Amino acid sequence: MTFENLQVDIEDRIALVRINRPKKLNALNRETIEELHQAFKALRNNEDAAVVILTGSGEKAFVAGADISEFSDYSVEEGKDLAAKGQERVFDYIANFPKPVIAAVNGFALGGGLELAMSTHFRVASDNAKLGLPETSLGVIPGYGGTQRLPQLVGKGRAMEMIMTAGMIDATTAKDYGLVNHVTTIEELLPLAQKLAGKILNNSMVAISSAIAAVNDNYKDGVNGFDTEIENFGTSFGTDDFKEGTQAFLNKRKANFK
Ligand code: COA
């Protein structure tokens, strides 16, 4: 897979997607948004990739936001379209991705950058990371899911404060808030994400996909996540992975999932 603004490498069933516009602090322009969609669409069907790690190029930024230079003269309709298309093609697409997606936050994660990290299934950060939703300082509101996913992850009061002050929090505070799961040095960031991906790879990817869908249904209007859980739990019993996992346990051996 070759892209203008992304680098995608697959090794040991782990796909590493790097947003690669370091001179612009990896800001998400239109082209990068579309490339992210294309990259994830391709990874969805690529059997060599079971887990995805998403990070930014360089040591300064994960993503410093949507590209401000592109939307500064947008109309009301264009603004709506930007948010709607972006949410559908990238942010919701990643949130509902059937394979685990881990964000390795390697510096600034601001605006669309934090929204991108929040759309992944969980986050780890380097100790130089700074996270925030600065949109209100620009006279807009977060448009890539930030007003919904930030309160889900950190609680309403903290989210309100971050959105209203447009301030940044450091990695330690982000960990305190539950916004990132682990903090480490910049050198250890990818090894940590890879180690977590490796642990995931020991388990049934069929069961993991099913669990992602059930967890996500907790956050969907008009959908009862408990019903999804019952349905998906039942479906698990018909899978080869269930037979392999339970047989391996009963025979005191390590499961070997396809
Ligand atoms: N959109 C477009 N360009 C951006 C950008 C963004 N969101 N964030 C950074 N850049 C560009 C800068 O314009 C600059 O480009 P230039 O060298 O051609 O002038 C380059 O990236 C480096 O950024 P710079 O501001 O010089 O780095 P800094 O270390 O002084 O500051 C930040 C870093 C992150 C604090 C600062 O870049 C910033 O505030 N960015 C915008 C963050 C934001 O509001 N994001 C939400 C958008 S909705």
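For ligands, and for the atoms within them, numbers begin at 1 and follow the listed sequence. FYI, side chains are in, hydrogens and waters are out, and symmetry mates aren't considered; it's all heavy atoms of this structure. Please read these numbers as outputs of a predicted model, since none were measured by experiment.
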Locate the shortest heavy-atom distance separating Asn26 from Ile19; write the atom from each residue and the value. OD1-O, 3.1 Å
Specify the closest pair of heavy atoms between Gly146 and Leu133, including all atoms of both residues, with the distance to one decimal. O-CD1, 4.0 Å
Run the salt-bridge test on [X] and [Y] with the 4.0 Å N-O cut-off and return the result as yes or no.
{"X": "Lys195", "Y": "Glu188", "answer": "no"}
{"X": "Arg149", "Y": "Glu115", "answer": "no"}
{"X": "Arg21", "Y": "Asp67", "answer": "yes"}

Please tell me if [atom] is touched by the protein, where touching means a protein heavy-atom distance below 4.0 Å.
{"atom": "atom 30 (O) of ligand 1", "value": "no"}
{"atom": "atom 25 (O) of ligand 1", "value": "no"}
{"atom": "atom 1 (N) of ligand 1", "value": "yes"}
{"atom": "atom 19 (O) of ligand 1", "value": "no"}
{"atom": "atom 39 (O) of ligand 1", "value": "no"}
{"atom": "atom 12 (C) of ligand 1", "value": "no"}
{"atom": "atom 36 (C) of ligand 1", "value": "no"}

Among all protein heavy atoms in this structure, tell me which lies nearest to [atom], with the distance rounded to 0.1 Å.
{"atom": "atom 8 (N) of ligand 1", "value": "Ala64 CB, 3.6 Å"}
{"atom": "atom 33 (C) of ligand 1", "value": "Leu25 CD1, 3.7 Å"}
{"atom": "atom 15 (O) of ligand 1", "value": "Lys24 NZ, 3.4 Å"}
{"atom": "atom 5 (C) of ligand 1", "value": "Ala27 CB, 4.0 Å"}

Among Asn96, Ile94, Val90, exactly one meets side chain to side chain contact (heavy atoms under 4.5 Å, CB included) together with Asp92. Which residue is that? Asn96
Should [X] be counted as touching ligand 1, given the test is an N or O pair under 3.5 Å?
{"X": "Phe108", "answer": "no"}
{"X": "Ser69", "answer": "no"}
{"X": "Glu135", "answer": "no"}
{"X": "Leu138", "answer": "no"}

Could you grab the distance from atom OG of Ser119 to atom CG of Leu114, nearest 0.5 Å is fine? 10.0 Å
Verdict with reasoning, Phe108 to Phe62, per ring-ring contact (aromatic ring centres under 6.0 Å, His included): CA-CA 5 Å; Phe108 289 113; Phe62 173 72; over 10 Å; no
With a sphere of 6.0 Å drawn around NZ of Lys220, does it hold more than 12 non-hydrogen atoms of other residues, nucleotides or ligands? yes
Please determine if Arg44 forms a cation-pi arrangement with Tyr93, meaning its NZ or CZ atom is less than 6.0 Å from the six-membered ring centre and no more than 45° off the ring axis. yes
Give the contacting part of Pro134 toward ligand 1: side chain, backbone, both or neither, where contact means a heavy-atom distance below 4.0 Å. side chain
Test of understanding: given a 4.0 Å heavy-atom threshold, classify the contact between Lys60 and ligand 1 as side chain, backbone, both, or neither. side chain
With distance as the sole criterion, is a donor-acceptor pair present between the side chains of Asn232 and Thr235 under 3.5 Å? no
Per-atom contacts, ligand 1 versus [X] - under 4.0 Å to a heavy atom:
{"X": "Lys23", "answer": "20 (C), 21 (O), 22 (C)"}
{"X": "Leu110", "answer": "34 (C), 42 (C)"}
{"X": "Asp67", "answer": "1 (N), 2 (C)"}

Among the heavy atoms of Ala66, does any lie under 4.0 Å from an atom of ligand 1? yes
Which residues pass the salt bridge (Lys or Arg N to Asp or Glu O under 4.0 Å) test with Glu135, not counting sequence neighbours? none
Do the rings of Phe237 and Phe233 sit parallel, tilted or perpendicular, given the 30° and 60° boundaries? perpendicular
